[in-house]
Amino acid sequence: MANPLFHMISYEDVEKIVRASGWEYKVVGKTLLGRDIFHIKVGNGNVRILIVAGIHGTEPAPVNASLLLLKLLKEEYPMNYNFKTLENVELHIIPLANPDGFQRNYELFKAKDFTPHWSHVWEEARRNANGEDLNRDFMYLRQPETRAIHDVFNKVDPHLVLDLHEFYAKGGCPPKWADETEGFLSTITDTPYNWVNESIRIISEKIAKEIGRALPWKPKMRHFMAEAQEFPVVPNNVLGTHFPFEGAAKVLIETWGVGLANYLMTDRVSVHLHAILTAIEFAEKNPEKFIKMKEDWEKEEIKACREYQGFIIRGNKEELNKVENLLTLHGIEMTRKEKDLIFVPMPQKRGKISILLLDRYHWYNQELEKRRRGPFTIDKIFDVSIEVSKGDMK
């Protein structure tokens, strides 16, 4: 079997490594082409970390790193990080979020004898078998892969999400290096955007800086979506901007890698391993910070939606069934009052994401509309009407 540290591997290799890992795992979903989506659990600590890798099929290094991590965690002091075994951390890993795209990328590179080239970006492999960019589907959850990921998120309720990616450097790479074109070889993005809980933002920033100090490649620290403002309003439909609204700190790590095949694979995998192990080490040393962060978030969720008594959603049975399914996937409490009515009570634990889905006139959604980058309210995809409740229907 190909060594996941040094080479591109196939979906079949991923499946074999997961099943032979010795760790507890579940199949949490299937792709359009019938491939399994795996969720692996390691440890039983109070701080829960969720790792999501391979959401874009053309970004293989994070997948390889997640698989190699399964072996490293059986060692004492993995890669000399300052924790012997997991005591305060419970680790959850989705090692390959887009199996169909990942396999397509492997097949296309195999046909090219795994030759790295700037033109080998293959948009069809970046997306899933439905031709959708999974990292733009975290509000509407229309794809089987994003539904599986969000279901894991709901059940795990993580304190931290590590969002692992690779990027494409324009300008003839290779033979040019990324630092000759875009000026960096890896990037780290925390959670510096508007309306996110302050404790979540602080923890995200702290972990991002710790990772930056640990990486063998000097990273570029940047704000999400390259917005110039300190706390921008950003679309909340991608994983990295979505889950902080649902109670998790988030750090996105990217390495130069799209189009590179096996070129620099050892370095690329090492960056992601250092990032993961740094985050684990920080959580092992500071579990109380994550516990308090979650408590602060829960209090703010209630406070943020006190002006609402609830939302009334009306439509026909078929449309309301779709709405009910989507709200359930987001962990939003609701009551089916009549055959043509759903009531979403407020306040509730997932208050902010409820507002973002149901109130197109909220200031955040209005700002997205001004920028033509949203909003992502359910009345844009379902034939329903939404109104703010003026009375208590509970």
**Report entry** Trace of the side-chain contact (heavy atoms from CB on, under 4.5 Å) decision for Leu164 with Ile276
**Finding:** CA-CA 9 Å; Leu164 308 184; Ile276 295 167; 3.8 Å; yes
I'd like to know if the side chain of [X] and the backbone of [Y] have a donor-acceptor N/O pair within less than 3.5 Å.
X	Y	value
Tyr308	Pro345	no
Arg371	Glu367	yes
Glu132	Gln143	no
Asn365	Phe376	no
Glu319	Val384	no
Lys155	Asp157	no
Asn197	Ile200	yes
Lys74	Ser21	yes
Asn262	Met265	no
Tyr25	Val18	no

Report task. Answer with yes or no whether the hydrophobic clustering places Leu320 together with Ile381; edges join I, L, V, M, F, W, Y residues whose side-chain heavy atoms lie under 4.5 Å apart. Result -> yes
For a quick check under 3.5 Å, do [X] and [Y] share a side-chain donor-acceptor pair by atom type?
X	Y	value
Arg350	Asn154	yes
Glu301	Trp297	yes
Thr58	His56	no
Arg373	Asn237	no
Ser10	Asp13	yes
Thr115	His120	no

Please determine whether a side-chain nitrogen of the Lys or Arg among [X] and [Y] lies less than 4.0 Å from a carboxylate oxygen of the Asp or Glu.
X	Y	result
Glu107	Lys110	no
Glu210	Lys206	yes
Glu295	Lys299	no

Report task. Output, in order, the C-alpha distance, side-chain angles, deciding distance and verdict of side-chain contact (heavy atoms from CB on, under 4.5 Å) for Lys250 and Phe243. Result -> CA-CA 7 Å; Lys250 181 268 328 183; Phe243 285 149; 5.8 Å; no
**Report entry** Criterion ring-ring contact (aromatic ring centres under 6.0 Å, His included) against Phe114, the qualifying member of Tyr106, Phe6, Tyr263
**Finding:** Tyr106
Report task. Please check if the distance between the ring centroids of Phe83 and Phe282 is under 6.0 Å. Result -> no
Query raised in the report: Do Phe153 and Phe138 make the cut of ring centroids closer than 6.0 angstrom?
Result: no
Query raised in the report: Just one of Glu281, His274, Glu284 clears the side chain to side chain donor-acceptor pair (under 3.5 Å) bar with Tyr81, so which one?
Result: His274
Query - Residues that Asp100 engages under side chain to side chain donor-acceptor pair (under 3.5 Å), provided they are two or more places apart - result: Thr31, Arg35
Report summary line: Taking every heavy atom of Ile353 against every heavy atom of Phe245, the minimum-distance pair comes out as CD1-CB, 4.2 Å
Note, [X] side chain near [Y] side chain (heavy atom, < 4.5 Å):
X	Y	answer
Trp256	Asp179	no
His117	Lys112	no
Val152	Lys26	no

Query raised in the report: Can you list the steps and then say if Arg19 with Glu15 is a salt bridge (Lys or Arg N to Asp or Glu O under 4.0 Å)?
Result: CA-CA 6 Å; Arg19 295 188 186 281; Glu15 185 178 32; 3.4 Å; yes
Query raised in the report: Which of these passes side chain to side chain contact (heavy atoms under 4.5 Å, CB included) with Leu357: Val344, Ile386, Ile332, Asp379?
Result: Ile332
